[in-house]
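Chain A is the first sequence line, chain B the second, and so forth, proteins listed ahead of strands; every chain is numbered from 1. We use all heavy atoms of the structure for the numbers below, so side chains are in, but hydrogens, waters and symmetry mates are not.
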2 protein chains.
Amino acid sequence: MDWEGRLSSEGLRVTAPRRVVMDVLSGAREPLAPHEIWEQGRRVHRTLGLVTVYRTLSLLERFSWVRRVHRADGCHGYLLCSAGHAHAIICRDCGQAAEFPGTDDLGGLIADVEASTGYRVDSHLLQLSGQCAQCRARRVAGEPE
Amino acid sequence: MDWEGRLSSEGLRVTAPRRVVMDVLSGAREPLAPHEIWEQGRRVHRTLGLVTVYRTLSLLERFSWVRRVHRADGCHGYLLCSAGHAHAIICRDCGQAAEFPGTDDLGGLIADVEASTGYRVDSHLLQLSGQCAQCRARRVAGEPE
DNA sequence: TTGAATGCAAACGATTTGCAAACAC
DNA sequence: GTGTTTGCAAATCGTTTGCATTCAA
């Protein structure tokens with residue numbers, strides 16, 4: 001079921017502002033801060049309120065349709081989730097984000113940590129930062145931005 | 001060289017407020033938010049300002065003497081760094097933090113991610129959350145807090 | 001029709017900045 | 001003495017809340 005169907009089946013409503021936020025996020029190739037989503041969204045939905053963007057994001061987060069990440073500039077950015085549990089890697093130059101599946105690879109590490117610390121791990125936050133292939137190529141070639 | 005010597009050698013000054021912040025962090029067994037450091041610090045240094053706590057924390061962070069972590073309550077908490085690169089695991093019940101070395105275990109995962117995404121990884125944020133041994137024991141035993 | 005969702009204004013908490021006074025060196 | 005650091009007040013930033021209005025179902 002798509003997100004619209006899922007909302008309806010929960011007794012929640014499919015509204016224009018919610019569609020706009022989803023559309024903006026769908027078109028984004030990097031994590032967007034709430035005010036960026038608002039600015040882009042207002043171009044198509046003139047009266048969109050920043051408050052509604054925040055409320056929509058927390059709704060989408062509750063359903064795990066978006067993921068919140070920490071950006072290099074200190075802001076929070078939002079990304080559409082792909083299926084399953086995944087982690088993000090963000091390019092420090094262009095901001096572009098990619099996802100990678102993480103749970104499996106972390107299994108051994110988590111087991112080690114549990115054994116050495118005595119803690120029982122129930123959630124984790126893993127986020128990588130680096131340079132994407134394009135930005136690396138650009139830098140090697142000495143091209144200006 | 002200790003932190004006081006290091007500060008001096010950089011032309012920076014060893015002041016009472018900075019000592020207080022370091023002392024509070026040294027005595028903490030969980031990540032403290034700036035206002036918590038301020039509250040505890042004021043007990044020994046009456047005129048300590050919250051602003052000074054913030055400025056001291058960013059100074060200490062610049063020297064990698066403290067680490068900033070994300071707490072379950074959404075606040076930022078600060079922890080004294082131990083030697084070397086390490087990651088934190090925080091108990092969701094009592095807030096107690098433990099560290100574990102992470103770089104080595106993450107090496108394989110990072111190599112995989114680089115291969116599959118084309119990114120070059122240069123930094124990572126890994127933070128685990130769970131339950132420490134004491135809190136697990138307490139819960140199993142059904143003891144009240 | 002009816003409860004959910006919106007948008008505004010205002011409140012809010014965390015963090016930063018301008019500046020004169022205080023202090024380490 | 002000199003330049004760093006402090007603490008206050010106020011500004012700023014990101015985010016949330018109260019409330020009357022609008023809207024999806």
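- The two atoms that bring A:Ile90 and B:Tyr119 nearest to each other are C-CE2, 4.1 Å, heavy atoms only.
- Note on A:Trp38: it clusters hydrophobically with A:Met22, by side-chain heavy-atom contacts below 4.5 Å among ILVMFWY residues.
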Could you list, one pair per line, each protein nitrogen or oxygen that sits under 3.5 Å from a nitrogen or oxygen of nucleotides 16-24 of chain D, together with the distance?
from: D:dA24; atom 1: N3; to: A:Arg13; atom 2: NH1; distance (Å): 3.2

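- When the local axes at the two ends of the helix from C:dT1-D:dA25 to C:dC25-D:dG1 are compared, using 5 base pairs at each end, they differ in direction by 40° after rounding to 10°.
- When rounded to the nearest whole Å, the span between CD of A:Glu36 and P of D:dG14 equals 10 Å.
- In the set D:dA25, C:dG7, C:dA4, C:dA4 carries the atom at the smallest distance from any side-chain atom of A:Leu12.
- Residue A:His35 is classed as having no contact, given no heavy-atom separation below 4.0 Å to the nucleic acid.
- With A:His87 as reference, A:His124 is the one residue of A:Arg67, A:Gln127, A:His124 to meet the side chain to side chain donor-acceptor pair (under 3.5 Å) rule.
- Position along DNA chain C of the nearest nucleotide to A:Gly49 versus B:His76 favours A:Gly49 as the more 5'-ward residue.
- For B:Glu4, the side-chain contact (heavy atoms from CB on, under 4.5 Å) partners at least two apart in sequence or on another chain are B:Asp2, B:Val14, B:Arg19.
- Grouping the Ile, Leu, Val, Met, Phe, Trp and Tyr side chains by contacts below 4.5 angstrom, directly or via other members, places A:Val69 apart from A:Phe100.
- Of the candidate nucleotides D:dG14, D:dT4, D:dG7, D:dG14 has the atom lying nearest to any side-chain atom of A:Cys75.
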